[in-house]
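Okay, structure first, notes after.
Every number for a ligand or one of its atoms is a count from 1 in the order of the listing. Residues: numbered from 1 along the sequence shown.
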Amino acid sequence: MVRNIKLNDGKSIPAVAWGNGTGGLSAAGKKAVDTGALALREGIRHIDTAQSYRTEEETGLAIKAAGADRKAVFQQQHPDHPEGIKSSVTDSISKLGFIPDLLLIHSPFVPAHGKIAVFWQILESLVEDGTLKGASLGVSNFRPQDLEEVLKIAKIKPVVNLQSFPEFSSPGLHLKELEYHPYVLNHLDPVLAIQAKHGIVSESYGPLTPLLRHPTGGPLKPVLQRIAQRLSKDTGKPVDDATVLLLWTVQKGVVAVTTSGNPDNIKKLVEVDSLPDLTDAELKEIEEVGRKVHFRHYKEHMTKDFPEPDLPQDV
Ligand SMILES: NC(=O)c1ccc[n+]([C@@H]2O[C@H](COP(=O)([O-])OP(=O)(O)OC[C@H]3O[C@@H](n4cnc5c(N)ncnc54)[C@H](OP(=O)(O)O)[C@@H]3O)[C@@H](O)[C@H]2O)c1
């Protein structure tokens with residue numbers, strides 16, 4: 001079974017994505033191919049890449065090396081160069097070897113100042129003229145003000161047959177990738193409110209930040225460890241705190257864009273699909289404890305002109 005999340009255009013997106021922008025996998029090379037192929041062979045069905053990671057060719061090669069059916073692997077890509085958007089996109093397509101399922105604007109600072117709407121319209125025209133045939137469009141690291149700029153002009157598609165997987169013909173804003181985990185929820189509230197109004201699904205990068213990058217793990221760590229013990233006992237197999245945090249993420253209806261270069265951890269990422277759900281009380285406790293703290297790791301995009309909440313980093 002693969003956990004999927006429905007988009008507002010009727011498509012489904014695999015809820016656990018494996019990215020090749022961190023974990024020593026970016027800047028191309030054999031590691032991105034071999035580890036990507038391993039992740040696919042283990043059962044990962046969604047890869048995140050970007051021009052700036054310099055892993056587009058490696059992404060295509062990993063899919064080939066794994067012998068995976070290209071149609072069964074959801075692939076998303078971020079163009080990072082505002083100049084000559086069409087040639088930039090076609091260059092990415094030729095490096096990948098196919099049109100990605102989803103194309104994101106990597107940050108609101110990729111378009112020139114004041115040009116987010118124009119950039120978006122050019123992406124829409126590339127879907128319409130067939131350059132990006134079948135692709136969905138999304139954004140990443142957009143603050144409330146950036147989302148509003150796109151929403152003012154985007155051709156939002158009405159929801160069609162939710163059961164089918166239709167050829168995508170009319171672009172709209174369906175997805176937004178951002179650092180998302182319990183320690184940034186207070187900061188994200190204004191963004192998430194706009195997304196909820198428009199049915200825009202969140203994709204979480206850095207979902208394991210509370211455990212991996214917070215200096216102590218903070219108040220969430222013991223909660224996640226306790227839930228991991230409960231799940232291990234109930235399922236009879238070892239479940240760790242990171243897996244619990246990923247389960248929380250996908251049960252929030254958020255795509256978890258994580259990664260691993262470690263074969264054991266890759267197996268655990270795949271297991272998120274088959275583990276039982278956390279209970280409502282566990283989901284609530286993780287959110288309540290997380291909201292007592294503000295801790296962000298990737299600061300470069302979301303903090304400019306979007307003030308962070310006045311909360312402690314640890315309690
Ligand atoms: N749009 C953007 O601006 C943006 C920004 C940042 C990242 N991203 C994308 O998001 C992807 C993931 O970002 P991230 O690295 O910050 O995600 P993350 O999920 O917070 O961290 C990934 C790290 O978690 C470790 N890990 C995985 N499973 C584990 C487990 N069970 N126990 C302990 N550690 C575990 C992995 O290390 P091991 O290799 O040792 O397993 C890996 O290096 C990137 O590769 C990139 O594609 C996008």
Task: Which of the ligand 1 atoms, numbered from 1, are nearer than 4.0 Å to a heavy atom of His106 - done: 1 (N), 2 (C), 3 (O)
TODO: Closest by any non-hydrogen atom to atom 8 (N) of ligand 1: pick that one out of Trp18, Tyr53, Tyr298.
DONE: Tyr53
TODO: Check whether the side chains of Asn20 and Thr55 place a donor and an acceptor atom closer than 3.5 Å, and report yes or no.
DONE: yes
TODO: Only heavy atoms count here, so choose which of Asp264, Thr259, Asn265 is nearest to atom 36 (C) of ligand 1.
DONE: Thr259
Task: Per-atom contacts, ligand 1 versus Thr209 - under 4.0 Å to a heavy atom - done: 20 (O)
TODO: Go through the side-chain N and O atoms of Ser92 and Glu56 and say whether any donor and acceptor fall under 3.5 Å apart.
DONE: yes
Task: Worked check of ring pair (Phe, Tyr, Trp, His ring centres under 6.0 Å) between Tyr183 and His297 - done: CA-CA 10 Å; Tyr183 288 162; His297 175 69; over 10 Å; no
Open item on the list: Can you confirm, on distance only, whether ligand 1 has an N/O atom lying under 3.5 Å from any N/O atom belonging to Leu269?
Closed with: no
Task: Arg213 contact mode with ligand 1 (heavy-atom cut-off under 4.0 Å) - done: side chain
Open item on the list: Using only atom types and a distance under 3.5 Å, with no angle test, would you say the side chain of Gln51 pairs donor to acceptor with the backbone of Ser88?
Closed with: yes
- [ ] Using a strict 4.0 Å cut-off to heavy atoms of Asp48, name the atoms of ligand 1 that fall inside it.
- [x] 9 (C), 46 (C), 47 (O)
Task: Heavy-atom proximity to atom 43 (O) of ligand 1, best of Ser107, Gly19, Ser26, Gly23 - done: Gly23
Task: Sub-4.0 Å atoms of ligand 1 with respect to non-hydrogen atoms of Ala242 - done: 30 (C), 31 (N), 32 (N)
- [ ] Test salt bridge (Lys or Arg N to Asp or Glu O under 4.0 Å) on Asp91 and Lys95 and set out the steps.
- [x] CA-CA 6 Å; Asp91 183 49; Lys95 282 191 176 130; 3.2 Å; yes
Open item on the list: Looking at Asp310, I'd like to know if its CG atom is crowded, meaning that more than 12 non-hydrogen atoms belonging to other residues, nucleotides or ligands lie closer than 6.0 Å.
Closed with: no
Open item on the list: Test your reading of the structure: does Thr258 have an N or O sitting under 3.5 Å from an N or O of ligand 1?
Closed with: yes
Open item on the list: I want to know if ligand 1 touches Leu208 in the polar sense, i.e. an N/O pair below 3.5 angstrom.
Closed with: yes
Open item on the list: Could you tell me, atom by atom, which parts of ligand 1 come under 4.0 Å of a heavy atom of Asp240?
Closed with: 30 (C), 31 (N), 32 (N)
Task: Non-hydrogen side-chain atoms of Glu58 and Lys31 separated by less than 4.5 Å - done: no
Open item on the list: Judged on heavy-atom distance to atom 25 (C) of ligand 1, which of Thr35, Val139, Leu212, Asn20 sits nearest?
Closed with: Leu212
Open item on the list: For Lys299, is the NZ atom crowded, meaning more than 12 foreign heavy atoms sit under 6.0 Å from it?
Closed with: yes
Task: Nearest neighbour of atom 44 (C) of ligand 1 from the list Ile266, Thr22, Ile47, on a heavy-atom basis - done: Thr22
TODO: Could you check if a side-chain atom of Trp248 sits within less than 4.5 angstrom of a side-chain atom of Glu282, using non-hydrogen atoms only?
DONE: no
Task: Contact partition for Leu25 relative to ligand 1, non-hydrogen atoms under 4.0 Å - done: neither
Task: Close side-chain approach of Pro14 to Val255, heavy-atom, < 4.5 Å - done: no
Open item on the list: Applying a heavy-atom cut-off of 4.0 Å, say which part of Pro207 lies close to ligand 1: side chain, backbone, both or neither.
Closed with: both
- [ ] Counting heavy atoms only, name the option from Asn141, Val257, Val272 that's nearest to atom 11 (C) of ligand 1.
- [x] Val257
- [ ] Using distance alone, decide if ligand 1 has a nitrogen or oxygen within less than 3.5 Å of any nitrogen or oxygen in Thr243.
- [x] no
TODO: Assess the side chains of Glu271 and Thr243: does a donor N or O sit below 3.5 Å from an acceptor N or O?
DONE: no
- [ ] Start with the C-alpha distance between Ser260 and Asn262, add both sets of side-chain angles, then the distance that settles side chain to side chain donor-acceptor pair (under 3.5 Å), and finish with yes or no.
- [x] CA-CA 5 Å; Ser260 176; Asn262 170 324; 5.1 Å; no
Task: Numbering as shown, the atoms of ligand 1 that approach Asn262 to under 4.0 Å (heavy-atom distance) - done: 39 (O), 41 (O)
Task: Residue portion contacting ligand 1 (non-hydrogen atoms closer than 4.0 Å) for Ser140 - done: side chain
Task: Min side-chain heavy-atom separation Ile116-Pro108 under 4.5 Å - done: yes
Open item on the list: Could you tell me, atom by atom, which parts of ligand 1 come under 4.0 Å of a heavy atom of Lys268?
Closed with: 31 (N)
Open item on the list: Within ligand 1, which atoms have a heavy atom of Ser260 less than 4.0 Å away?
Closed with: 38 (P), 39 (O), 41 (O)
